[in-house]
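The block underneath contains the structure these notes are about, expressed in structure tokens.
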Amino acid sequence: MFGYANPKRFMELSGRLLPWLGATTAILFAAGLYLSFTAPPDYRQGDTVRIMFIHVPAAWVAMMGYGFMALASLIGLVNRHPLADVAAKQAAPLGALFTALALITGSLWGRPMWGTYWQWDGRLTSFLLLLFLYLGYIALWNAIENEVRAAKAAAILALVGVVNLPIIEFSVQWWTTLHQGESIFRRGGPTISAVFLWPLFIMAAAYTLLFFTLLLVRMRTEILERRMRALALAANA
Amino acid sequence: MRALGALLVRDVRLAARAGGSAVLALAFFAAVVTLVPFGIGSDAKLLARVAGGVLWVAAVLANLLALDRLFQADYEDGSLDLLALSPLSFEGITVAKMTAHWLTTGLPLTILSPVLALLLNLPATAYTALIVSLLIGTPAVSAIGSVAAALTLSIRRGGLLFPLLVLPLLTPVVIFGAGAVLARLDGVENGAIWLLAAFSVAAVLLAPFVGAAALRLNLSE
Amino acid sequence: MGARLRTVHYLEVADLACVRGGRAVFRDLSFRLARGDALIVGGPNGSGKTSLLRLLAGLLPPAAGTISISAEGTQIADREERAKFIGWLGHYDGAKPQLTPREALRFFARLYGTASDPSLLEVVGLSRSADLPCQYLSAGQKRRLALARLKLCGRPLWLLDEPLASLDASGKALLLNLLRDHLAGGGIAVIATHDPLDLDAARLPLT
Amino acid sequence: MAAFFVMGKYAAFVWPAYGISALGIVASVALSLRAYRRAKTRLAALERTVK
């Protein structure tokens, strides 16, 4: 069948791996949340420091997600492996979700300090632009009917985006120094005392595993849907 | 090279003709700038402060107007196939299109900008900074815009998707461009113009190759 | 540049396969055309006639099989290299609405690097509307302009997709003359069409 | 226990942050799993009709 190559091996592998991945993610979340709420309040920020335990991991996965998407796009372009395109396509909505969570928790975290929900601070602004990059990628993919062409066009966009990310990051930081002084995030950031390191680290691990768990589930769904399309096409050809 | 020149001359002629995109972009630029005082009031001091930023944002938006159909018109009427089969490489096609767009949109906007700066009461000292920053920055807009145009050429209503793809990538241009004008206003030297030039050079040098890759993929699927 | 390319010795296609939208349009297609040969590709809509022409032109990558041209003593299989030998007449005529036929021909002459030949406009019967922007031309006139461009670029390997579409009787006669001159001059032509074309050529019906 | 919920007078920020994050995560998990199950059953049905 000329149609979509059938990645049997991936389906078997991911089928066996998923239950373990899901269980580990759940355990990490349980441990992480427990530690987040039993950690002492920060001497300066008080209990708002607990928001850091869900803001920083979301921000990390948002950036890691885009990097993963760009890597999968590169592999998809270079050796035309359809599985890489599926991975990149399904990583985008997840990345966008975590970017949105990073923005929301970031704004809630800054609110007590700034007095407003939005502060044009370097880090938050960069995540806002990252969200636009994700949305542009998803929109481009859905706008092109031909699947193979959509995969390649989106791959090029992801690579252009990942090359531009550091430039955008730098220009936004440069721009914040232009308009107002330091902000809480960048004045060396809140020095993270040791007792906060554990909850932060475990929550980051939980978020990362969650990303890959959901990614595998969504990739399997995409593969099943592509097989359905191929069957339907073959049936009435 | 002659082939590249031929395409460049043809596209400039097409854009300059009535109904061409050049006049449209200028009118849009003037309209947006004229609208701003109605929005934020005619207080001269406030306008002077935001003039650089408003002119830069309006210039970028006006540029986008003509960009999304840069390749699409040729794709739809069969010309792109003829260009692909000509001695011109895809890189050459992108260079010609990018340059034609800058000559018919980026450059005229830069020339018109001081006139509109009057409307916004831009202080006299900042005029050179405005023109120089636009002169250096608009090629980057044409370059990045042409890559996005090549990516979206097979989409019938790509026009709606186009700004979403391009604007995040253009933030550095707006930041450094408007930043250069503001720096001049405040009499401070923060290297904005050099950062803008660096970004522009990189964009202009890389865009033909990325644009060509996008054209190849859209033609060969 | 145009004239020098007249020396294509043959076009070789070996077990070519084409896939469109996940479906095999055709496979194991092989044929060979030498100088002066013509091939008429018939078949219902969707049988892959246009796809075959786009594959031969190098505009599409084949799913399987090879296409090569032997010219100036060398074997050329690379897609973008092969494209430089192709005279293309597609569904759409590539006529820019705001340009006049005269301007369009001058542009193509400079684009393809061949001498601009204003007399072509008379040959194809467009002399009266030579300075009328193409948006005012009829479909038949635009097709005639495309024929003028085809002749102008002087490419040895012609690929014509439904060339008779929107041509009247005299237009058909014009096309046949151009085709016969091209073949007599040692050119090769592959024509995808439904309508009968009285040209002695091999036939390839795509099912 | 009450002190826990007051969150050192920052309850209005900490709980919405956790709430929205939980909502986002639970929703994405549920949607992803549901889409997978639906695709699985529809594919099985299609394969039966094609046989």
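Heavy-atom basis, side chains included; hydrogens, waters and symmetry copies ignored. Here is how names work: the chains are called A, B, and so on, in the same order as the sequence lines, proteins then strands, and each is numbered from 1.
Among all heavy-atom pairs drawn from E225(A) and A39(D), the shortest one is CG-CB, 4.3 Å. Between S28(D) and L214(A), the closest heavy-atom pair is OG-CD1, 3.5 Å.
Under the 4.5 Å side-chain criterion, counting only non-hydrogen atoms from C-beta, V29(D) is not in contact with T213(A).
Using a 30° and 60° split on the angle between ring planes, F37(A) and W15(D) fall in the parallel class, below 30°.
Shown here is F10(A), whose CZ atom has more than 12 heavy atoms of other residues, nucleotides or ligands within 6.0 Å. Counting heavy-atom neighbours within 6.0 Å of F132(A) CZ, excluding the residue itself, gives a total of 12 or less.
When heavy atoms are compared at a cutoff of 4.5 Å, L224(A) approaches chain D by way of both its backbone and its side chain. Heavy atoms of Y117(A) lying under 4.5 Å from chain D belong exclusively to its side chain. For R218(A), the part lying near chain D is the side chain, with the backbone staying farther off; criterion is any non-hydrogen pair under 4.5 Å. In this structure, chain D has heavy atoms under 4.5 Å from both the backbone and the side chain of R50(A). Heavy atoms of R38(D) lying under 4.5 Å from chain A are absent altogether.
Ranked by non-hydrogen atom pairs under 4.5 Å with chain A, the options A35(D), A27(D), S21(D), P16(D) are led by S21(D). The residue among V49(A), T48(A), L94(A) with the most heavy atom pairs within less than 4.5 Å of chain D is T48(A). Contact count versus chain D (heavy atoms, under 4.5 Å) is highest, among V217(A), L101(A), I54(A), for I54(A).
Distance check, rounded to the nearest 0.5 Å: OG1 of T221(A) to CG of L33(D) gives 8.5 Å. Here the CD1-CZ distance, from I25(D) to F98(A), works out to 5.5 Å after rounding to the nearest 0.5 Å.
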- Test I20(D) against T105(A) for side chain to side chain contact (heavy atoms under 4.5 Å, CB included), laying out the working first. CA-CA 8 Å; I20(D) 292 168; T105(A) 51; over 6 Å; no
